[in-house]
Each structure stands twice: as C-alpha cells, then as structure tokens.
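All residue numbers in this chain count up from 1 along the given sequence.
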Amino acid sequence: MPEMEGRMEPHVLARFRRIHFYATFSYLHTENIKLQVLDELDACTVHPHHAAEYKKILRASPIMKNFVRVLSNSPYIMSLRISLLVQIMPTSDFMTDNEFDDVFLGKVNQRATELFLDSGICDSLPALSNVQKFDFELDLGSEREPYIPLQHHVTQIQEMKSIIESKFKHQEIQLIS
C-alpha cells in the first residue's frame with residue numbers, strides 16, 4: 001500500500017478500506033510549546049502551568065475532529081490504525097539544551113504523550129461508527145528502554161476500541177434486520 005503524505009480530498013479518502021494514520025506531533029509542530037521539566041529523569045515532572053497550557057493547545061486543535069469528520073464520509077472502513085508519536089523539546093533549569101540525552105528526551109516525550117492523551121484531543125474518535133477494526137498505538141520507547149503506558153491510558157485506549165468496534169457491529173446488525 002503506498003504511503004500518502006499531505007492532503008487528500010474527503011471523497012477520495014472515502015474509497016480506502018484500510019487506513020493507517022501516523023499522527024506525528026514532532027519537534028517541528030511543537031517548537032513554540034514550552035514544557036518545563038522540574039526534576040531529574042525518573043519522575044519527569046512537568047511544570048503544572050506548562051502542562052495545563054499544553055493540554056489547552058491540544059484541546060483547541062481540530063485535527064482529530066476533522067479526521068473523524070472526513071472518515072465518517074466513508075461507508076465502511078475495514079481497519080483503522082492510529083500510531084501516535086509525540087516529540088517535544090523541553091526546557092529545564094538543571095540541564096542546558098546541549099545536555100539533553102536520548103534517555104531524557106525519551107522520558108519527556110513519554111510525559112508529553114501522557115498529557116496528549118489526558119487532554120481530550122481524542123474524545124471525538126468514539127463517534128466513528130463505520131470502522132470494523134480499530135487500533136491505537138503509542139510510538140514510544142525503544143528496545144533498550146520500552147515504554148509501559150499508564151494503566152488509565154491503557155484503559156482509555158481499550159474503551160475507545162470497544163466503543164468504536166461495537167458501534168460498527170450494532171450498525172451491521174441493524175442493516176441485516
């Protein structure tokens with residue numbers, strides 16, 4: 001299947017039955033967002049004001065709502081997979097930008113992903129009723145340092161999957177009846 005970057009008209013996208021959406025929010029997209037880390041590696045505590053501002057920016061973004069609206073134009077989607085990657089450049093009082101190593105940046109990106117999921121930006125996804133199989137994966141960690149999502153995020157993703165797939169099954173039953 002060819003990888004398609006950029007824009008696509010909704011009526012063209014509606015023809016596709018298997019969709020893999022690489023939802024990447026990288027340094028290029030988040031360069032103006034300030035996320036100050038207050039402590040060393042393990043806790044990776046983000047300044048509460050910056051965490052609130054980051055979530056506010058995400059809530060205001062129409063990207064997921066628009067994505068759901070466009071996908072809703074399709075009568076049937078066999079498989080929808082969303083791979084989420086969030087990368088953000090932190091600020092810190094205890095390290096300079098030149099001192100950020102891969103492990104530290106990985107922890108910050110994990111924390112930014114947690115804030116992303118907590119922001120409510122994905123709340124429109126369960127409105128989909130035309131998706132037979134739904135998967136949502138977090139593109140984090142590495143073989144050296146695997147990321148284990150917080151339990152409430154695992155539950156959030158499982159509930160999203162369950163709602164979306166059950167709406168499809170319910171719609172399928174109504175069509176048969």
**Report entry** Check: I163 main-chain N/O paired with S166 side-chain donor or acceptor under 3.5 Å
**Finding:** yes

**Report entry** Test item: S162 side-chain N/O and Q158 main-chain N/O as donor-acceptor pair under 3.5 Å
**Finding:** no

Requested in this report: Report yes or no: do L150 and I88 belong to one cluster of Ile/Leu/Val/Met/Phe/Trp/Tyr joined by side chain heavy-atom distances under 4.5 Å?
Outcome: no

Query raised in the report: If Ile, Leu, Val, Met, Phe, Trp and Tyr residues are connected whenever their side-chain heavy atoms lie under 4.5 Å apart, and connections chain through other members, are I164 and M64 in the same group?
Result: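 Yes, it is one cluster - the side chains of I164 and M64 are joined through contacts under 4.5 Å.
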
Any heavy-atom pair between the side chains of [Y] and [X] that's under 4.5 Å?
X    : Y    : result
F168 : F134 : no
P75  : N130 : no
L85  : Q87  : yes
I82  : L125 : yes
L71  : V131 : no
L84  : T113 : yes

Report task. Apply side-chain contact (heavy atoms from CB on, under 4.5 Å) to E137 and list each qualifying residue two or more places apart in sequence or on a separate chain. Result -> H20, R81, S83

Report task. List for me each residue that meets side-chain contact (heavy atoms from CB on, under 4.5 Å) alongside I157, sequence neighbours excluded, and say none if there are none. Result ->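 F136, L138, M160.
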
**Report entry** Residues forming a salt bridge (Lys or Arg N to Asp or Glu O under 4.0 Å) with D135, sequence neighbours excluded
**Finding:**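 Salt bridge (Lys or Arg N to Asp or Glu O under 4.0 Å) list for D135, sorted by chain: K133, K161.
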
Report summary line: Value for NE2 (H153) from SG (C122), rounded to nearest 0.5 Å, stands at 10.0 Å

Report task. Scan residues 56-65 for pairs that pass side-chain hydrogen bond (donor to acceptor under 3.5 Å, both in side chains), counting only residues two or more places apart or in two chains. Result -> none

Query raised in the report: Knowing that exactly one of K55, Q156, H152 qualifies, which makes a side chain to side chain donor-acceptor pair (under 3.5 Å) with D118?
Result: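 Going through K55, Q156, H152 one by one, the side chain to side chain donor-acceptor pair (under 3.5 Å) with D118 is satisfied by H152 alone.
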
**Report entry** V86 to A112 - nearest heavy-atom pair and separation
**Finding:** CG1-CB, 3.8 Å

Query raised in the report: Given the rule in the side chain to side chain contact (heavy atoms under 4.5 Å, CB included) test, do F67 and R69 qualify, once you have shown the distances and angles that lead to the verdict?
Result: CA-CA 5 Å; F67 183 63; R69 186 177 42 79; over 6 Å; no

**Report entry** Residues in ring pair (Phe, Tyr, Trp, His ring centres under 6.0 Å) contact with F116, at least two apart in sequence or another chain
**Finding:** F25

Report task. Not counting sequence neighbours, which residues clear side-chain hydrogen bond (donor to acceptor under 3.5 Å, both in side chains) with E114? List them please. Result -> R111, Y147

